[in-house]
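What follows is a set of notes on a single structure, which appears directly below.
This is a predicted model, so every value here is computed, not measured. These values consider heavy atoms only, across backbone and side chains, with no hydrogens, waters or symmetry-generated copies.
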Amino acid sequence: MISIEAKDLTKKFGDFTAVNNINLEVRQGEIFGFLGSNGAGKTTTIKMLIGLLPPTKGSIYVAGIDVIRYPERVKERIGYMSQKFSLYNDLTVEENILFYAGIYGIPPKRAKLIREELLEQFDLQPIRKSLTSEIPLGLKQRLALGIALMHKPSIVFLDEPTSGTDPISRRYFWKIIQNLAYNGVTCMVTTHYLDEAEYCSRISLIDSGEIIACGTPTELKKRYFHFPIFEIDFGSIEKNIEVLNKGFDFGKFSLFGNKLHLALDKIDFDIPDLISRLNSILGYNPITVRKIVPTLEDVFIKLVQR
């Protein structure tokens with residue numbers, strides 16, 4: 001069953017095309033990752049899918065509802081956590097929960113039960129009476145996620161839910177997202193953390209408003225890397241950048257942290273042969289070379305370099 005469907009979706013702001021003719025299909029119970037760098041078009045796409053922003057062209061169906069014709073109707077069926085998660089800083093944690101319960105039309109008695117459930121589920125009991133402005137970012141994000149889920153939506157849109165959080169908070173969020181999917185909730189998640197995409201059932205990569213790849217994490221790695229990837233270090237970041245800026249006819253270098261990744265695209269080398277080839281071109285050897293498994297970040301960089 002298809003939960004989210006978009007065809008030929010386009011959004012223009014004057015002469016600028018933010019989203020260019022994209023197509024998406026997300027199945028029920030799927031964790032669908034929508035990945036790209038900042039400014040790639042992720043948030044604009046999400047806002048169109050949930051009816052906050054009318055498209056310039058295209059069609060959108062969410063939970064079987066025509067979002068362009070009935071934007072208000074679809075909002076009853078979905079949960080949405082935005083990048084800025086619209087919490088009221090001058091309300092306490094529990095007051096925010098009750099306020100949004102009212103917006104969702106939840107009766108007061110039921111709202112109080114939901115409040116206690118959310119405070120318990122998201123470990124917010126100790127700060128229930130704290131002003132939202134005074135709690136840490138990670139706890140604000142927990143609160144925003146709880147509010148997005150309080151009316152038990154069948155589809156959830158999470159726009160960079162872990163942005164700015166520490167690794168422990170990020171892992172906590174993904175555990176909740178995986179549990180939602182296990183219980184049949186469709187989760188569409190945008191992120192620019194490419195390592196997080198490993199948690200997704202399928203992903204789409206977006207760059208400059210266009211979908212450049214779609215598939216499972218494993219499929220994408222196999223599709224775009226027929227030869228091994230090597231992690232190479234020439235001893236210093238300056239030396240690595242110097243090598244990065246040279247041209248090679250057998251693969252492409254990319255900078256990862258303070259080391260280089262080399263993706264071969266024509267011929268497979270073993271490590272001694274690769275070192276020999278590099279020495280013949282550069283006149284010196286790398287300090288370390290090792291074969292590594294390609295990551296989704298490698299996939300994204302390879303596609304963008306094209």
Please lay out, stage by stage, how Asp233 and Asn240 fare under the test side chain to side chain donor-acceptor pair (under 3.5 Å). CA-CA 7 Å; Asp233 184 15; Asn240 287 337; 3.1 Å; yes

Start with the C-alpha gap between Leu35 and Phe300, add the side-chain angles, then the distance that decides, and say whether side-chain contact (heavy atoms from CB on, under 4.5 Å) holds. CA-CA 9 Å; Leu35 282 74; Phe300 185 73; over 6 Å; no

Do Thr132 and Lys140 pass the side-chain contact (heavy atoms from CB on, under 4.5 Å) test, and can you show the C-alpha distance, the side-chain angles, and the key distance before you say yes or no? CA-CA 7 Å; Thr132 306; Lys140 283 184 182 178; 4.3 Å; yes

Report the C-alpha distance between Gln141 and Thr162 in whole Å, list the side-chain angles of each, state the deciding distance to 0.1 Å, and finish with yes or no for side chain to side chain donor-acceptor pair (under 3.5 Å). CA-CA 8 Å; Gln141 287 172 306; Thr162 61; over 6 Å; no

Please test Lys57 against Asn21 for side chain to side chain donor-acceptor pair (under 3.5 Å), starting from the C-alpha separation and ending with a verdict. CA-CA 8 Å; Lys57 187 187 80 167; Asn21 210 45; 3.1 Å; yes

Kindly determine whether Glu30 and Cys187 satisfy side-chain contact (heavy atoms from CB on, under 4.5 Å), including the steps that lead there. CA-CA 6 Å; Glu30 191 171 33; Cys187 302; over 6 Å; no

Candidate pair Leu53 and Lys11, rule side-chain contact (heavy atoms from CB on, under 4.5 Å), full reasoning: CA-CA 9 Å; Leu53 191 64; Lys11 183 61 183 180; 4.0 Å; yes

Go through the steps for Lys302 and Glu297 under the test salt bridge (Lys or Arg N to Asp or Glu O under 4.0 Å), then give the verdict. CA-CA 8 Å; Lys302 183 172 185 177; Glu297 191 168 353; over 6 Å; no

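Contacts of Phe256 classified as ring-ring contact (aromatic ring centres under 6.0 Å, His included), with partners at least two apart in sequence or in another chain: His261. By the ring-ring contact (aromatic ring centres under 6.0 Å, His included) test, Tyr61 is found to be paired with no residue, residues two or more places apart in sequence or in another chain being considered. For Glu94, the salt bridge (charged side-chain N to carboxylate O under 4.0 Å, His left out) test picks out Arg128, Lys129, with sequence neighbours left out. Legend: residues meeting ring-ring contact (aromatic ring centres under 6.0 Å, His included) with Tyr199, ordered by chain and number and at least two apart, are Trp174. The side chain to side chain contact (heavy atoms under 4.5 Å, CB included) check on Ser3 picks up Gln28, Ile155, Thr186, with sequence neighbours excluded. Looking at residues two or more places apart in sequence or on another chain, you find no salt bridge (charged side-chain N to carboxylate O under 4.0 Å, His left out) involving Lys246.
Asn20 places no side-chain N or O within donor-acceptor distance of the main-chain N or O of Glu210, the cut-off being under 3.5 Å. At least one donor-acceptor pair closer than 3.5 Å links the side chain of Thr216 to the backbone N or O of Glu219. Distance alone, capped at 3.5 Å, places no donor-acceptor pair between the Glu25 side chain and the Ala6 backbone. Judged by distance alone, with hydrogens and angles left aside, the side-chain atoms of Thr45 form a donor-acceptor pair with the main-chain N or O of Gly41 at under 3.5 Å. Remark: the backbone N or O of Leu119 is not paired with any side-chain donor or acceptor of Asp123 at under 3.5 angstrom. Using a distance-only test at 3.5 Å, with no hydrogens or angles considered, a donor-acceptor pair links the side chain of Thr56 to the main chain of Lys12. For the pair Glu95 (side chain) and Thr92 (backbone), a donor-acceptor distance under 3.5 Å is present. Remark: side-chain polar atoms of Thr295 are paired, donor with acceptor, to backbone N or O of Asp298 under 3.5 angstrom. Ser201 places a side-chain N or O within 3.5 Å of a backbone atom of Ile31 that can act as its donor or acceptor partner.
Using a 4.5 Å heavy-atom threshold, the side chains of Phe230 and Ile292 count as separate. The closest side-chain heavy-atom distance from Val67 to Leu49 is not below 4.5 Å. With a 4.5 Å cut-off on side-chain heavy atoms, Phe248 and Ile281 count as touching. Side-chain contact between Val93 and Ile135 is present, with at least one heavy-atom pair separated by less than 4.5 Å. A 4.5 Å side-chain heavy-atom check between Ile50 and Ile78 finds at least one atom pair inside the cut-off. The shortest distance between side-chain heavy atoms of Phe122 and Leu143 does not fall below 4.5 Å. Looking at Pro107 and Lys109, their side chains never come closer than 4.5 Å, going by heavy atoms from C-beta outward. Looking at heavy atoms from C-beta onward, Leu262 lies out of side-chain contact with Val289 at the 4.5 angstrom threshold.
Connection of Leu124 to Leu145 is established within a shared hydrophobic cluster, with ILVMFWY side chains joined at heavy-atom distances below 4.5 Å, either directly or through further cluster members. Note on Ile65: it clusters hydrophobically with Val26, by side-chain heavy-atom contacts below 4.5 Å among ILVMFWY residues.
Here the SG atom belonging to Cys214 is positioned 8.5 Å from the CG atom belonging to Leu205, to the nearest 0.5 angstrom. A distance of 6.0 Å separates CG in Leu255 from CG in Leu244, rounded to the nearest 0.5 Å.
In terms of heavy-atom proximity, Met48 sits nearest to Ile60 at O-CD1, 3.2 Å. Of all non-hydrogen atoms in Asp207 and Ser37, the two that sit nearest each other are OD1-OG, 4.5 Å. The two residues Ile301 and Ser254 come nearest to each other via the heavy atoms CG2-OG, 3.3 Å. In terms of heavy atoms, Ala148 sits closest to Pro153 at O-CG, 3.7 Å. Nearest heavy-atom pair, Phe32 versus Cys200, reported as atom, atom and distance to 0.1 Å: C-SG, 4.5 Å.
Enclosure of atom OH in Tyr284 by more than 12 non-hydrogen atoms of other residues, nucleotides or ligands within 6.0 angstrom is indicated. The number of heavy-atom neighbours closer than 6.0 Å to CZ of Arg69, taken from other residues, nucleotides and ligands shown, is 12 or below. In this structure, Lys175 places its NZ atom where only 12 or fewer heavy-atom neighbours from other residues, nucleotides or ligands lie under 6.0 Å away. The 12-atom threshold is not exceeded at CD1 of Ile168, counting heavy atoms of other residues, nucleotides or ligands nearer than 6.0 Å. Annotation: Lys221, atom NZ; neighbour count of heavy atoms from other residues, nucleotides and ligands within 6.0 Å is above 12. Phe13 CZ: more than 12 foreign heavy atoms inside a 6.0 Å radius.
In this structure, Arg142 forms a cation-pi arrangement with Tyr172, its terminal cationic atom sitting closer than 6.0 Å to the ring centre and no more than 45° off the ring axis.
Classification of the Tyr104-His151 ring pair by plane angle, with boundaries at 30° and 60°, yields parallel.
Ion pairing between Asp249 and Arg277 holds under the 4.0 Å rule for side-chain N and carboxylate O. Remark: Glu160 engages Lys42 in a salt bridge, criterion side-chain N to carboxylate O under 4.0 Å. Salt-bridge formation is not detected for the pair Glu117/Arg115: no Lys NZ or Arg NE/NH1/NH2 atom is positioned less than 4.0 Å from an Asp or Glu carboxylate oxygen. For Asp195 and Arg170, the salt-bridge test passes: some basic side-chain N is under 4.0 Å from an acidic carboxylate O.
With no hydrogens or angles considered, a side-chain donor-acceptor pair links Thr43 and Asp159 at under 3.5 Å.
Ring centroids of Phe250 and Phe269 are separated by less than 6.0 Å, placing the two rings close together.
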